[in-house]
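Okay, structure first, notes after.
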Protein chains: 4
Amino acid sequence: MSDMTPTSGADVKSHVTDGALIQRRRGQIVAAAVELFSRQGYNDTTIIDIARKADVSSGLIYQYFSDKEDILLLSLLDVLDSYKREIPLAIEGLNDPLARFLAALEAYCRVVDQRREATLLAYRSTKSLPGDRRQLIKAHELATNQLIAACLQDCIDQGLCRPVKVELVTYQLVTFAHSWALKYWRLNELCNLDEYVAEGVDFYTHALLTPKGWRRYRKLRPLPAGQAEPNSLP
Amino acid sequence: MSDMTPTSGADVKSHVTDGALIQRRRGQIVAAAVELFSRQGYNDTTIIDIARKADVSSGLIYQYFSDKEDILLLSLLDVLDSYKREIPLAIEGLNDPLARFLAALEAYCRVVDQRREATLLAYRSTKSLPGDRRQLIKAHELATNQLIAACLQDCIDQGLCRPVKVELVTYQLVTFAHSWALKYWRLNELCNLDEYVAEGVDFYTHALLTPKGWRRYRKLRPLPAGQAEPNSLP
Amino acid sequence: MSDMTPTSGADVKSHVTDGALIQRRRGQIVAAAVELFSRQGYNDTTIIDIARKADVSSGLIYQYFSDKEDILLLSLLDVLDSYKREIPLAIEGLNDPLARFLAALEAYCRVVDQRREATLLAYRSTKSLPGDRRQLIKAHELATNQLIAACLQDCIDQGLCRPVKVELVTYQLVTFAHSWALKYWRLNELCNLDEYVAEGVDFYTHALLTPKGWRRYRKLRPLPAGQAEPNSLP
Amino acid sequence: MSDMTPTSGADVKSHVTDGALIQRRRGQIVAAAVELFSRQGYNDTTIIDIARKADVSSGLIYQYFSDKEDILLLSLLDVLDSYKREIPLAIEGLNDPLARFLAALEAYCRVVDQRREATLLAYRSTKSLPGDRRQLIKAHELATNQLIAACLQDCIDQGLCRPVKVELVTYQLVTFAHSWALKYWRLNELCNLDEYVAEGVDFYTHALLTPKGWRRYRKLRPLPAGQAEPNSLP
DNA sequence: AATGAATGAGAATTCATTCAT
DNA sequence: GATGAATGAATTCTCATTCAT
């Protein structure tokens, strides 16, 4: 599991009072659960499976989670948190809005690749949560999207990208990244991750960049010597 | 349920011999199952739920399906088949490759919209099938994608679209359509279906069209009088 | 199935009135049932199995039997009847009581061998019948035993056998014959049917014959020339 | 249930790890199962019946047995083990081969009498087990037979019994004992257990003893004063 | 805090039996 | 008389959850 607490915002009850212990135990259990849920699905994973993999007793789990659904909630949040954590890391230190935008896109693709099965889990199992828990998940998703949307908005504000509906386009970018996990069974036959990212960059630059944006882009990623612009601007 | 047989390629056993009756009963049961699976998920739907909704006895279901998994398989195929059926309908009679391409995209978005919950079902529940059944689902998905890919290829062949990796871009289009279902909870707050489709058209034309493609596009969809090109070409 | 009506004494209701048809249909169905019950057991044989093997519909069976138990009853009676039919055939024409006794023993062993699986069926499944049906089975068994007991009694009356408790010894003989079926899995590794019968004859003659009985026995089955009495009399 | 572990040789899985507890619970459950299976038959006894009689929950049973068949297996082994346990007890301390032989026969009859219903169970339900489990049952039966066969062989070796095919005759003795259970419904009308045993001894002595054997027999069981030899030697 | 044995409600599946055609 | 589709009660087995130790 990730090293950050996955409980952000979730109101999950524990019978145990020692905060550090709660952190450690929940981490242990969620790590086991994410792996098993991802591999076998939520319903086909038993509490005993999780307990065995986490190397604790089944009874212990109920001291840190009120029910199985709670484990799922924290498992999903753990996945979403890993997205939310990686993107800022990828863009920190970069000042150019276009560079930040592209870095965010690439970072998202890479974190999805690292947690491919877990990404599928989020798509498959969110509906197993009751409505209010689902809201929490959605809020996390929107927060992550916002990280990307902000980059795009900056590009537009600086005239590097066409004025598009930012959130809609953000969803396209997010979906592009998620698709690497969702359709991995086929995409992996067509290209590797680097090629997939490159294809995405090619696609979104054409879809979004203004002439000014293109000039900036060329500075960021000069063409190799002797190679002509592959997709000539109109 | 749809009016076409959903059994295409699936080897689902029945104890009943009368072919027409099998069609009718399976249709009845799959229709109930798709609705319940979509709403409550595969695992939280019981055979008795399905029987009650289909207005048959629980035992009857086992005369037409060998187990619950079989119902899921035919349910998923029913959804995928509805995609595969609508797209050809939308493009038949159109000759221009670009018109066909755009019509296919729009049709896909509309059929996803009509079967929004069922589309989610496919994402959530395919993994509940055993490997060989899953292959069948994947084959159907690829066949549907091929319908769109062919349109795109034609556009490229005629110099209307940039030469891109056809199957990868097809996946983007497919994912764009699916996202309307996957992220409906948020997208529906941002726009309606028509706007979503328009946004997609705007996006993909910018990403793909050549100058020649743009001229063709203007013939297909002239700007309203007095309105300037919204996103001026670079 | 055997050619004699198996309904002797059983009050099995039929919805059909034509007597000859009842005979034929019941024969057809019981023949199928005996084979299936013998091979798979009563509980693991379904009405549909029987219908399929008898080449009729499952509904038809209920026109000739009131329930599954009824089929079992007639199946068991069919087996017991075949015993009761073969023994008289084997001893008719024989006048000597000892010859009749030995012929009855041998005949019983042979009919058990011919219907080995069906004999097991009787041991396994009689308890599946309700008490009153079971009485009927027992009456048939006693009647068959009586055929043998009468032979033994004659031998005793004529001083060929020791005066023993006739019915108890009869049970020994019956059990000896049945054992060929019950323990076939092992006995068949030790000897063939002829040897088994010979062993039985050897055993029972030693256990039962008087000196007068032995002299009679020697007339019936003279020793091969040059062979001494294998088990010399005391 | 018997006080010895019935698991001899059977590879029955348990989810519980505490060995002593497994012994206790399995004993509890098998005791209930043997009684119910004997009375109602294997198929007509439900897991819930067994649970209720054993005074545990139905779920508990599945912590100690992997399925219903496993309960049957251990139930049958429990019965066979009680045979295998009683015979050695009956002959230990006896040195004379003939005395041992007769004691074994009598002991077998008595243990069958004590577990009459359970003996029937073995005949009725062994076929409900899959082939490999059945082999285990057969091996146990053969091992028990061997205990008797050894006594008989000793008698033959010392010239007390005629040289007969030991295993075949052993099966006769075994069948004689089993018949007390199999045909109890009738035998019990003819005699009590002591008389049945006496009848068996009378029968087998006449069938097997040599003159030397008879002299030994008279020493073991002198005739009551003033009573003539009932079945005078020829 | 931790364990794991025990519980029992719940779900899929089977199959004897009925009955409209 | 014959058919076979339809029924639904009954059964096995699973697993989240509890609680005594």
Side-chain angles (χ1 to χ4, degrees), chain A residues 14-18 21-22 25 43-52 55-71, chain B residues 14-18 21-22 24-25 43-51 55-71, chain C residues 14-18 21-22 25 43-52 55-71, chain D residues 14-18 21-22 24-25 43-51 55-71:
Chain A
S14 167
H15 292 149
V16 178
T17 49
D18 174 351
L21 184 55
I22 292 179
R25 288 301 199 192
N43 281 283
D44 292 348
T45 299
T46 69
I47 294 289
I48 287 181
D49 288 341
I50 298 172
R52 198 170 0 242
D55 217 49
V56 298
S57 68
S58 59
L60 185 71
I61 290 181
Y62 285 86
Q63 309 232 345
Y64 295 94
F65 296 88
S66 58
D67 55 21
K68 194 183 173 190
E69 228 167 49
D70 248 8
I71 308 176
Chain B
S14 168
H15 291 150
V16 176
T17 49
D18 176 349
L21 184 56
I22 292 179
R24 188 165 65 82
R25 287 300 200 192
N43 280 283
D44 292 347
T45 301
T46 71
I47 294 289
I48 288 180
D49 289 341
I50 297 172
D55 213 50
V56 297
S57 67
S58 60
L60 183 75
I61 292 183
Y62 288 89
Q63 305 241 19
Y64 296 92
F65 297 89
S66 56
D67 54 21
K68 194 183 172 189
E69 225 169 52
D70 252 5
I71 308 177
Chain C
S14 167
H15 291 148
V16 178
T17 49
D18 175 350
L21 184 54
I22 292 179
R25 288 299 200 193
N43 281 283
D44 291 349
T45 300
T46 70
I47 294 290
I48 286 181
D49 287 342
I50 298 171
R52 199 173 355 243
D55 216 47
V56 299
S57 69
S58 59
L60 185 72
I61 291 182
Y62 286 86
Q63 309 231 343
Y64 295 93
F65 297 88
S66 58
D67 56 19
K68 193 183 174 189
E69 228 167 47
D70 249 8
I71 309 177
Chain D
S14 168
H15 291 150
V16 176
T17 48
D18 176 351
L21 184 56
I22 293 179
R24 188 163 66 82
R25 288 300 200 193
N43 281 283
D44 292 348
T45 300
T46 71
I47 293 290
I48 288 180
D49 289 341
I50 298 172
D55 214 50
V56 297
S57 67
S58 61
L60 184 75
I61 292 183
Y62 288 89
Q63 304 240 19
Y64 296 92
F65 297 89
S66 56
D67 55 21
K68 194 184 172 190
E69 223 169 53
D70 251 6
I71 308 177

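Protein chains get the first letters and strands the later ones, always in sequence-line order, with residue 1 at the start of each. Every value quoted in this text rests on a predicted model; they were computed, and no experiment measured them.
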Quiz item: Start at the 5' end of DNA chain E and walk down; is the nucleotide closest to A:Leu21 or to D:Thr17 reached first?
Solution: A:Leu21
Self-check item: Protein-nucleotide distance (B:Phe65, atom CZ; E:dA11, atom P), rounded to Å
Solution: 20 Å
Quiz prompt | Interatomic distance, A:Ile50 CD1 vs F:dA16 C1' [rounded to whole Å] | solution = 11 Å
Can you tell me how far apart [atom1] ([X]) and [atom2] ([Y]) are? Round to the nearest 0.5 Å.
X: B:His15; Y: B:Ser66; atom1: NE2; atom2: OG; value: 8.0 Å
X: A:Ile47; Y: A:Asp67; atom1: CD1; atom2: CG; value: 8.5 Å
X: B:Asp55; Y: B:Leu60; atom1: CG; atom2: CG; value: 10.5 Å
X: A:Ile61; Y: A:Asp70; atom1: CD1; atom2: CG; value: 12.0 Å

Quiz item: Just by protein heavy atoms under 4.0 Å, how would nucleotides 12-21 of chain E read 5' to 3' in B, S and -?
Solution: SBBSSBB---
Quiz prompt | Upstream residue (5' side of DNA chain F) when B:Arg24 and C:Ile22 are each assigned their closest nucleotide | solution = C:Ile22
Quiz item: How would DNA chain E look in dot-bracket form, 5' to 3', counting Watson-Crick and G-U wobble pairs with both distances under 3.5 Å and writing | for bases paired to another strand?
Solution: .||||||||||||||||||||
Quiz item: Looking across every strand, which nucleic acid part, if any, lies under 4.0 Å from B:Tyr64 by heavy atom: base, sugar-phosphate, or nothing?
Solution: sugar-phosphate
Quiz item: With a 4.0 Å cut-off on heavy atoms, is D:Ile61 in touch with a base, just the backbone sugar-phosphate, or nothing at all?
Solution: nothing
Quiz item: Of the nucleotides F:dT7, E:dA5, F:dA2, which one has an atom closest to the side chain of C:Arg25?
Solution: F:dA2
Quiz prompt | Nearest to side-chain heavy atoms of C:Ser57, which nucleotide of F:dT7, F:dT3, E:dA6 | solution = F:dT3
Exercise. Using distance alone, with no hydrogens and no angle criterion, decide if D:Thr45 and D:Asp49 have a side-chain donor and acceptor under 3.5 Å apart.
Key: no
Exercise. Using a 4.5 Å cut-off on heavy atoms from C-beta on, say whether the side chain of D:Arg25 contacts that of D:Val16.
Key: no
Exercise. Evaluate the side-chain proximity of C:Tyr64 to C:Ile71: yes if any heavy-atom separation is below 4.5 Å, no if none is.
Key: no
